[in-house]
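What follows is a single structure, written as structure tokens, with notes after it.
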Amino acid sequence: MARTIFFIAAFALALLSSSAFANVVEHTFNVGNLTVQRLCGQQVVTAVNGMLPGPTVKIHEGDKLIVHVHNHSPYNMTIHWHGIFQLQTGWADGPAYITQCPITPGNSYTYKFNVTGQEGTLWWHAHVSVLRATVHGALIILPRRGRSYPFPKPYKEIPIILGEYWDADIMEVERQALATGGGPNISDAYTINGQPGDLYPPCSSNYTYKLDVVKGNTYMLRIINAALNNQLFFKLAGHRFKVVSIDSSYTDPYDTDVIVVAPGQTTDALFTANQPIGDYYMAASAYSSAPGLQFANGTTTGIVRYKGATSAKPLMPIQPAANDTITAHRFYSNLTSLVTGPHWLPCPIDIDDQMFVTIGLGFAPCGGNNNCSNPVLGSQYRFAASMNNVSFQFPSRLSMLEAFHFGVNGIYTEDFPNRPPIVFDYTNTALSLNIPLVMTTKATRVKKVKYNATVEMVLQNTALLSIENHPMHLHGYDFYVLAQGFGNFNRTRDSKKFNLYNPQERNTIAVPVGGWAVIRFRANNPGVWFMHCHLDVHLPWGLATAFVVENGPTPETSLLPPPPDLPQC
């Protein structure tokens with residue numbers, strides 16, 4: 001009895017002491033038009049606080065974050081806090097029509113949430129249309145006050161945001177694509193911290209991002225892929241990296257000279273300035289896995305400049321070929337979790353819900369006046385994308401989370417299938433234009449999950465229309481990546497490859513081109529959680545679904561009521 005009382009007292013003391021170190025961090029985001037100069041021209045973009053990228057939000061684990069968003073732009077707006085669990089506060093997650101209706105022009109909304117059990121690099125971005133191309137920024141979660149990293153503290157930490165830039169109105173680019181039922185025009189440049197770099201038109205070099213370093217010191221790059229449609233290879237000439245975290249989850253240190261980041265993913269990488277004093281390019285270029293698909297084939301650069309350097313021309317790294325799937329897969333598949341990390345929890349062994357989900361492209365009826373310019377099936381069909389042949393349709397009159405919380409019918413149906421409707425040779429390119437397989441329908445179908453159930457998903461890419469690597473992002477959770485490979489998943493064969501000891505944890509998984517990945521998570525966060533492809537070309541086509549996770553048995557395991565200023569549709 002005395003031992004029990006001691007334990008309770010110790011726990012209460014620890015709770016009080018930890019809360020004493022928690023702060024409230026408050027920001028104001030003014031979203032509006034910004035005129036930028038890039039590629040020797042001017043373009044009006046949507047941005048936050050007149051910055052591209054937007055402001056860096058820096059907090060400590062355990063803090064409460066409050067962000068007042070004032071929408072002065074001409075577009076609907078929401079902000080998604082990419083990778084934040086939002087425990088009990090799903091109203092602050094941000095995807096339009098999933099957890100909230102948009103903030104209409106001229107209106108405001110305040111996001112409030114606690115950040116617990118997470119530290120590392122995440123990011124925030126708009127979650128309406130393609131606005132995240134310019135409405136984004138870093139979200140850095142430092143260790144709780146009084147705690148340290150599970151590695152020696154670097155001399156300096158630097159956000160490196162990789163992006164894409166269109167020398168055009170990005171909203172008009174999307175409107176044209178949706179009107180014709182085809183894909184959007186490719187971007188005109190990649191960027192590092194908002195700048196294209198020296199390899200683009202000469203006037204771009206005046207604004208190339210530069211990082212000053214001192215020989216002998218170790219630096220941490222907090223790398224974020226904010227690009228809309230491209231995975232990127234990242235290198236620093238003459239230097240190697242030690243990857244220590246991905247998607248705000250600590251990893252076993254991984255030594256590499258190349259980093260691969262899919263849209264939505266983050267990587268924390270250490271490097272030591274141990275080369276001869278001089279200038280060195282950091283560079284990012286496309287990893288494009290879909291054969292024959294047009295993509296932006298440029299290289300964005302920044303300069304790492306050693307103190308005392310006098311060289312006129314920086315050293316350039318040799319970038320992998322754009323179709324170097326071997327290098328990409330080697331990086332993605334060799335990462336493992338740091339089981340001694342402060343927030344590590346063992347992977348659950350027993351499975352309650354097992355899903356096999358195909359992901360890929362297809363066609364859906366054009367609608368309207370059948371004026372789509374589909375190059376394959378003509379004007380009656382538009383490109384679509386689906387999961388288990390369900391192409392996601394966004395609701396419009398009420399958010400899905402409001403429907404869940406208030407018990408409103410007619411917004412979604414809880415019948416997303418656990419299996420595809422037809423079993424076929426998923427990665428056989430000879431079936432890429434098989435008409436019964438490529439046709440899909442639009443619907444808002446979700447997967448309902450009991451609180452605290454363990455869900456396992458096999459994400460199986462298909463070869464319908466094309467084979468491609470798809471970065472799939474799950475809101476509200478990190479998941480364990482048990483295994484990944486090429487071809488069709490075979491449970492008898494491939495379950496032997498499962499890493500159940502120290503699997504990497506992510507919120508965004510790049511499912512291998514013509515292949516599969518197996519993920520697992522415990523559904524201990526009630527609410528409606530969006531899962532979608534983080535290639536923006538595929539999201540409006542419908543490559544998405546959602547999980548509806550039931551409330552737990554206590555108030556502490558249930559969704560809180562909505563805030564009074566929640567935007568209405």
Side-chain angles (χ1 to χ4, degrees), residues 83 85-88 90 116-118 246-252 332-333 335-359 387-388 404 414-420 423 445-460 472-485 488-509 511-512 515-531 545-559:
F85 295 152
Q86 299 291 359
L87 296 169
Q88 296 190 277
T116 55
Q118 298 179 269
I246 54 173
D247 291 1
S248 78
S249 293
Y250 288 119
T251 64
D252 290 319
Y332 284 141
S333 60
L335 299 167
T336 53
S337 284
L338 182 69
V339 299
T340 57
H343 308 294
W344 165 257
L345 293 173
C347 176
I349 301 301
D350 297 325
I351 305 166
D352 300 300
D353 231 323
Q354 199 168 63
M355 305 174 69
F356 184 96
V357 180
T358 55
I359 54 179
M387 301 177 69
N388 277 351
F404 164 76
E414 298 173 347
D415 59 349
F416 182 84
N418 278 354
R419 300 286 184 272
V423 176
R445 301 170 66 182
V446 305
K447 170 68 177 177
K448 187 174 183 179
V449 179
K450 291 185 179 299
Y451 179 81
N452 220 33
T454 297
V455 179
E456 181 182 280
M457 297 182 74
V458 176
L459 295 168
Q460 174 69 64
M472 301 299 297
H473 171 50
L474 176 61
H475 292 225
Y477 293 94
D478 285 344
F479 49 74
Y480 302 92
V481 182
L482 304 188
Q484 47 194 309
N488 297 334
F489 176 77
N490 180 294
R491 182 163 294 277
T492 302
R493 177 194 64 213
D494 295 323
S495 61
K496 298 174 183 177
K497 306 172 186 175
F498 285 7
N499 177 1
L500 299 175
Y501 170 66
N502 62 349
Q504 60 180 275
E505 284 188 278
R506 282 199 176 274
N507 60 58
T508 306
I509 173 70
V511 182
W516 51 269
V518 182
I519 66 173
R520 193 178 291 182
F521 67 95
R522 190 183 300 281
N524 56 6
N525 191 8
V528 178
W529 303 108
F530 202 31
M531 185 177 197
T545 188
F547 288 91
V548 171
V549 179
E550 296 178 347
N551 283 312
T554 66
E556 292 75 23
T557 57
S558 299
L559 180 70

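The backbone N or O of Glu505 lies less than 3.5 Å from no partner atom in the side chain of Asp478, so there is not a single donor-acceptor pair. Listed for the Gln118 side chain is no donor-acceptor partner under 3.5 Å among the backbone atoms of Ser248. Checking side-chain atoms of Gln88 against main-chain N and O of Ser558 turns up a donor-acceptor pair under 3.5 Å. Asn551 contributes a side-chain N or O that, together with a main-chain N or O of Leu559, makes up a donor-acceptor pair within less than 3.5 Å. Asn499 places no side-chain N or O within 3.5 Å of a backbone atom of Leu482 that could act as its donor or acceptor partner. In terms of modelled atom types and a separation under 3.5 Å, the side chain of His473 and the main chain of Met531 share no donor-acceptor contact. Using a distance-only test at 3.5 Å, with no hydrogens or angles considered, a donor-acceptor pair links the side chain of Asn525 to the main chain of Gly476.
No side-chain donor from either of Ser337 and Asn502 sits under 3.5 Å from a side-chain acceptor of the other.
Side-chain contact check for Met387 versus Thr358: every heavy-atom pair is 4.5 Å or farther apart. The closest side-chain heavy-atom distance from Tyr250 to Thr340 is not below 4.5 Å. Put simply, the side chain of Phe416 reaches to within 4.5 Å of the side chain of Met355, judged on heavy atoms. Annotation: side chain of Gln460 is in contact with side chain of Asn488 (closest heavy-atom distance under 4.5 Å). Counting heavy atoms from C-beta outward, Val549 and Tyr477 have side chains that approach closer than 4.5 Å. Two residues are said to be in side-chain contact when any heavy atoms from C-beta on lie closer than 4.5 Å; Ile349 and Leu500 meet this criterion. Contact annotation: the side chain of Gln354 never approaches that of Met457 to less than 4.5 Å [non-hydrogen atoms, C-beta and beyond].
Phe547 contributes atom CZ, which lies 8.5 Å from atom CG of Asp353 (distance to the nearest 0.5 angstrom).
Using a cut-off of 4.0 Å between Lys/Arg side-chain N and Asp/Glu carboxylate O, Arg491 and Glu456 are scored as salt-bridged. The existence of a salt bridge linking Asp415 and Lys447 is excluded, since no basic side-chain nitrogen approaches an acidic carboxylate oxygen closer than 4.0 Å.
Take Asp352 and apply the salt bridge (Lys or Arg N to Asp or Glu O under 4.0 Å) test, not counting sequence neighbours, and it matches no residue.
Aromatic ring centres of Phe498 and Tyr480: separated by at least 6.0 Å.
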